Amino acid sequence: METNVVKVKLWGMTVGYLAWDKKADIATFEYEPSFLKKGLDIAPIIMSVYSPRSQNHISWLGDKDKPYQGLPPAIADSLPDKWGNSLFKAWLRDNNIPSGKTTPIDHLSFIGSRAMGALEFEPAQKLGNASSFSVDVQRLYEFSKQVLSEQASTVLNRENAILWQDLIRISSSPGGKRPKAIVAINKNTGEVISGQGMIPEGYEHFILKYDDNSTYPYAKLEYVYYEMALAAGITMMPSELRAYGNITHFLTRRFDRKGNERIHTQTLAAMSPASDSYEDIFSVIRRLKLPYEDSRQQFLRMVFNIVSRNVDDHSKNFTFCMSPEGVWRLSPAYDLTYSIDLSAPAYANRHSLTVNGKNESITREDLKTIALNNDIQNYNTLIDEVLASAEQFDRLTATVDMDKSLVGKIYASFNFF
Ligand SMILES: Nc1ncnc2c1ncn2[C@@H]1O[C@H](COP(=O)(O)OP(=O)(O)O)[C@@H](O)[C@H]1O
Ligand SMILES: [Mg+2]
């Protein structure tokens, strides 16, 4: 597998060309001249189509920092994280391709048109028939557990070949560390099909986040946090719990799909790579001139994460969406859940993004500072709304049947300031 150049596409247009410089071990990217005239600023802060570099057809260089793998951050965003990477590695082994011989450009070609967001990559690796197929969630879930737990060499026997192809096609593109699948669900019948490519009328795009059926209720907790976030006034995509076999998984509608239309997305990590604080999100909101509602939303989300101890607030858990007209907005919130490891020492449970320079022991005063610096109106009311939603935790967990002692420990760790 040696793909030296890929074409980056968006909504059928060629955005530009990405090449791998073997000697420097880095990618170079150049916009297609005709795309520069469309006014679609896909990476407005770090790789703007209006910048002299783009306009003068000078190549952009990739970023050597680990998360970007030598790609421009705007494009690295189309690659998966831990879970998707482990599937790609297993796929390489299955195809007898030494992973040391592949570049991130090969990985983009493998992802092809399956990336989250709207960017697509050509040439794409052919992975069998691209049309939608019916998904047996329970079997695929069992199989992905096997892929995760077994040594790669034992996983991919031929009996599993079809399941393996299905898994690759619907699970290898989304980011994040937890196993998940990209599916479409029929609103009326509940039938699940692959969510790649065009989906038929009556279906909706979802991300299915697998529960791991351990004693820790990942899916139920994420669902309770979803309900709590809604109560706090946070915008999220409609989400639900669904049981397949006797295991309950978390499903969330995709904000990067509207029917068969693709919405271009950039995580904070792609939009503004140096970001390591909530203040940095507000500064992106200002740079993009987003409406006040997005600042207010972001303030609520920050307070929510601090009160309800979602310390997994890293820069890939915040996203911006661009409409086909080129208009940017903050995306709905996602991946909100309790992320404290109760058995770990306090230093292991610090927030990824800082608030007023702190990543632990954050106080109401710190929130006030952020509110004042970012013109958040009625911030005390917003903080109180979030606190009131967190008080509902116990009641909400009762609706999903969760271990009482765990519920007690989680609630006791909340930040009620
Ligand atoms: N509702 C959604 N619509 C579109 N993309 C989403 C949605 N939820 C999450 N994502 C994308 O998928 C990635 C993984 O999802 P996430 O919920 O963060 O999983 P994990 O718990 O494994 O981190 C996110 O980083 C984000 O880019
Ligand atoms: Mg995540």
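Whatever order the structure lists them in is the order used to number ligands and atoms, beginning at 1. None of these values were measured; they are calculated from a predicted model.
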Worksheet entry | Shortest heavy-atom approach to atom 2 (C) of ligand 1 - which of Tyr334, Phe206, Phe255 | Phe255
Discussion item. Regarding ligand 1, does Arg253 bring an N or O atom to under 3.5 Å of one of the ligand's N or O atoms?
Written reply: yes
Worksheet item: Is any N or O atom of Arg254, backbone or side chain, closer than 3.5 Å to an N or O atom of ligand 1?
Response: no
Just need the protein heavy atom nearest to [atom], so name the residue and atom and give the distance.
atom	answer
atom 14 (C) of ligand 1	Gly175 O, 3.1 Å
atom 18 (O) of ligand 1	Asp335 OD2, 2.9 Å
atom 21 (O) of ligand 1	Lys209 NZ, 2.9 Å

Run the numbers for me: atoms of ligand 1, each under 4.0 Å from some heavy atom of [X], listed by number.
X	result
Lys177	20 (P), 22 (O), 23 (O)
Lys316	25 (O)
Thr252	1 (N)
Ile207	2 (C), 5 (N), 6 (C), 7 (C), 8 (N), 9 (C), 10 (N)
Asn317	18 (O)
Met116	5 (N)

Hydrogens and angles aside, do [X] and [Y] bring a side-chain donor and acceptor to less than 3.5 Å of each other?
X	Y	answer
Ser308	Asn310	no
Tyr223	Glu240	no
Thr354	Asn359	no

Worksheet item: Which bit of Thr265 gets closer than 4.0 Å to ligand 1, counting heavy atoms only: side chain, backbone, both or neither?
Response: neither
Ring centroids only, cut at 6.0 angstrom: are [X] and [Y] within range, meaning strictly under it?
X	Y	result
Tyr334	Phe255	yes
His107	Trp91	no
Tyr338	Tyr411	no
Phe29	Tyr31	yes
Phe110	Phe88	yes

Response to the item:
The N/O/S atom of Asp335 lying closest to the Mg ion (ligand 2) is OD2
Worksheet item: For the Mg ion (ligand 2), does an N/O/S atom of Tyr334 lie at less than 2.8 Å?
Response: no
Item to complete: Quick one: sort the Tyr210 and Tyr141 rings into parallel, tilted or perpendicular, breaks at 30° and 60°.
Response: tilted
Worksheet item: Does a side-chain N-to-carboxylate-O contact under 4.0 Å join Asp335 and Lys209?
Response: yes
Fill in: Any Lys180 heavy atom less than 4.0 Å from ligand 1
yes
Worksheet item: Would you say Arg257 touches ligand 1, if touching means a heavy atom closer than 4.0 Å?
Response: no
Worksheet item: Are the side chain of Trp328 and the backbone N or O of Cys321 linked by a donor-acceptor pair below 3.5 Å?
Response: no
